[in-house]
Amino acid sequence: RKFETENKTASFQAREFVIEVGGTYPQFIKFQLTQDRCSLIDPYNEGDLIKVHFDLRGREWNEKFFTNLNAWRVEQAAAAAPEAQEEDAPVFNDGFPSASDEPTVEYNDDLPF
């Protein structure tokens, strides 16, 4: 979903858009475009497969903290077969081990716990 460009101040404009990341539990991720990049989303329609390049930005204002996904490039995603789409889905925890990543090790000791 695309939203209209908003003029936040006389010299700053921003535009938001939302993509759906599929899978068992679909997620809706909101991105922000700023300044001259606000039109990057114009060529795309709802339902198009797109790839978004972005930076993670955080700031503090009045003792409140905000996080933005600041998009800087949007491009058409390559169409994939339905079986491949789930495998190609973005991984948001790159670099962090999960419980399934831990090796299975058998310990042979005589402690009761």
Could you measure the distance from the [atom1] atom of [X] to the [atom2] atom of [Y]? Nearest 0.5 Å is fine.
X	Y	atom1	atom2	result
Glu20	Glu46	CD	CD	9.5 Å
Ile50	Asn45	CD1	CG	10.5 Å
Asn68	Gln32	CG	CD	4.5 Å

Strictly distance-based, threshold 3.5 Å: is any side-chain N or O of [X] a donor or acceptor partner for the main-chain N or O of [Y]?
X	Y	result
Arg15	Phe3	yes
Ser39	Asp42	no
Lys30	Ile19	no
Gln35	Gln13	yes

If you look at every heavy atom in [X] and [Y], which pair is closest and at what distance?
X	Y	value
Thr5	Cys38	OG1-CB, 3.8 Å
Glu63	Glu60	N-OE2, 3.0 Å
Phe17	Lys2	CB-CA, 4.2 Å
Leu40	Trp72	CD1-O, 3.6 Å
Phe54	Ala71	CB-CA, 3.8 Å
His53	Glu75	NE2-OE2, 3.3 Å

Check the hydrophobic clustering (I, L, V, M, F, W, Y; side-chain heavy atoms under 4.5 Å; chains of links allowed) and say if Val18 and Leu56 are grouped together.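 Different clusters.
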Are Leu69 and Val52 in one and the same hydrophobic cluster, where Ile, Leu, Val, Met, Phe, Trp and Tyr link if side-chain heavy atoms are under 4.5 Å apart?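 Shared cluster, yes.
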How are the rings of Trp61 and Phe66 set relative to one another: parallel (under 30°), tilted (30 to 60°) or perpendicular (over 60°)?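 Taking Phe66 first and then Trp61, their aromatic rings sit tilted (interplane angle of 30° to 60°).
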Test log, rule side chain to side chain contact (heavy atoms under 4.5 Å, CB included), inputs Phe12 and Asn7: CA-CA 6 Å; Phe12 182 76; Asn7 292 315; over 6 Å; no
